[in-house]
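Take a look at the structure below.
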Amino acid sequence: MTRPTRDWTTPTVVYLDVFVYAILSVQEKSQTFIPYIWVMTSWANELLSWDPADFCGIHQVAVPGELLWKPDLFLYETMEKGEGTGSPFVLLKHDGTVVTDGNQKVMSMCAMDVHKFPFDTQKCTLSFSSVIHPDNEIQLVPASNSSRATQNALEIMLSQGEWEFINVTVHTDKLIFQELGSWDKVVYTITIRRVPLLHVLTFILPILFLLVLDLASFFMPDTRGDKLAFKVTVLLAMSVLLLILTDTLPCKPSQTPLIAVYVIVTFAFMLLSVLETILVMYLTERDVMESAGTPQGHGAGGGTRDHHSEGLHLTSDEGNGKSVERGCICKANGVHQQEALPLTGCPDPYEGSEGNPTTHLLRLILQELQRGVQRPTQEHGTSCHHNTMARSINTTFFLLYLLSISLFLILLFLNWVYW
Ligand SMILES: *[C@@H]1O[C@H](CO)[C@@H](O)[C@H](O)[C@H]1NC(C)=O
Ligand SMILES: *[C@@H]1O[C@H](CO)[C@@H](O)[C@H](O)[C@H]1NC(C)=O
């Protein structure tokens with residue numbers, strides 16, 4: 001019933017051996033580490049021993065565990081009683097040595113450092129100690145040293161999930177409470193490294209791809225806001241990925257995960273690029289409006305403004321129908337080209353119907369369109385001022401954008417993987 005010793009002043013030496021069988025789960029968000037371990041303990045029961053020669057050479061017997069005294073070992077980091085398949089029997093040897101073993105799933109707490117997630121290495125500890133027997137009653141001793149324990153674990157490891165088992169170190173420690181005394185503690189430190197492939201494939205690469213899409217969108221013609229819509233879509237796709245990140249990682253103010261820096265800075269870059277597109281669109285639009293508002297020909301056109309015609313504004317002098325006001329066509333080139341060019345090769349379907357004023361007007365419009373298409377942009381010098389500015393802003397921004405993104409990514413990945 002009580003500690004099996006003949007002299008109560010001598011402590012019972014309990015040998016402890018822990019093997020890591022499998023790493024079932026590691027959860028960063030809740031900071032839990034769930035390994036499957038096999039625990040073997042042995043100690044000497046000084047009151048039970050026999051000479052095998054007297055008992056037909058029987059060296060050991062299995063007896064029900066509850067018949068004998070057992071050290072009350074417990075695991076510090078555990079949060080709930082682990083499920084396990086320990087044997088109900090203990091092995092009693094003829095010299096009085098009692099051996100118990102059993103495996104169990106341990107729900108343990110582990111303070112994880114997610115700074116380098118998913119290129120991180122975690123150290124989780126399993127500390128064993130007696131609950132009520134201080135160190136003058138139970139002396140805890142690890143049965144295997146670190147290299148032996150690592151070797152054992154490597155030999156029996158069944159599954160590691162997305163983690164790679166590195167090594168186990170074991171050391172003894174004391175747990176000291178001032179008035180109550182001190183307790184022996186054996187600490188196993190399990191080092192595991194994450195296999196980052198999954199996170200690289202499902203998270204880091206998609207973000208890089210979105211970034212490439214965003215960069216590629218600089219080469220889109222920015223008519224009708226298509227480019228803006230495209231960029232905003234890319235930004236939305238990013239925010240979906242952001243949600244996944246929030247689900248995976250804990251929020252620790254002390255150590256910002258580099259992956260969060262990666263995502264949020266990339267997000268900021270994309271936001272900048274959307275803002276830049278808006279600015280360029282604004283400048284272009286202003287150009288169109290301004291040129292629509294300052295007629296070059298007769299003053300008659302000043303009153304009617306119509307910028308829905310995408311920069312081409314036409315009015316007709318009622319007298320001879322020959323004065324045509326020109327707007328800034330340079331921006332709208334892409335649109336009008338497609339409509340105007342095929343007509344140049346066609347025979348004029350209105351030939352011979354000169355008398356009709358509507359037909360005449362239509363012909364004038366057609367001529368004007370063709371002339372507008374052939375005219376180089378520079379001719380519009382002042383009226384396309386903003387447009388030129390927008391284009392140089394676009395180019396400068398793109399170069400700066402590319403440069404800073406490359407610099408950021410290189411520094412981040414170096415920091416992530418090597419430092
Ligand atoms: C660890 O223990 C093994 C035997 O179990 C022994 O051969 C080895 O030298 C020990 N290593 C250290 C570093 O003590
Ligand atoms: C275990 O691995 C860690 C990290 O790789 C290393 O720092 C430590 O020295 C290793 N310990 C032993 C006993 O090999």
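Atoms within each ligand, like the ligands themselves, are counted from 1 in listed order.
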Would the F55 and H94 ring centres measure less than 6.0 Å apart? no
For T100 and T41, test the side chains for any donor-to-acceptor distance below 3.5 angstrom and give the result as yes or no. yes
Any side-chain heavy-atom pair of R3 and W69 under 4.5 Å: yes
Judged by modelled atom types alone, do S127 and E77 share a side-chain donor-acceptor pair under 3.5 Å? yes
Salt-bridge criterion met for R194 and E28 (N-O under 4.0 Å): yes
Is there a donor in the side chain of D95 and an acceptor in the side chain of S49, or the other way round, less than 3.5 Å apart? no
Heavy-atom contacts under 4.0 Å to ligand 2, chain-then-number order, include exactly I166, N167, T169
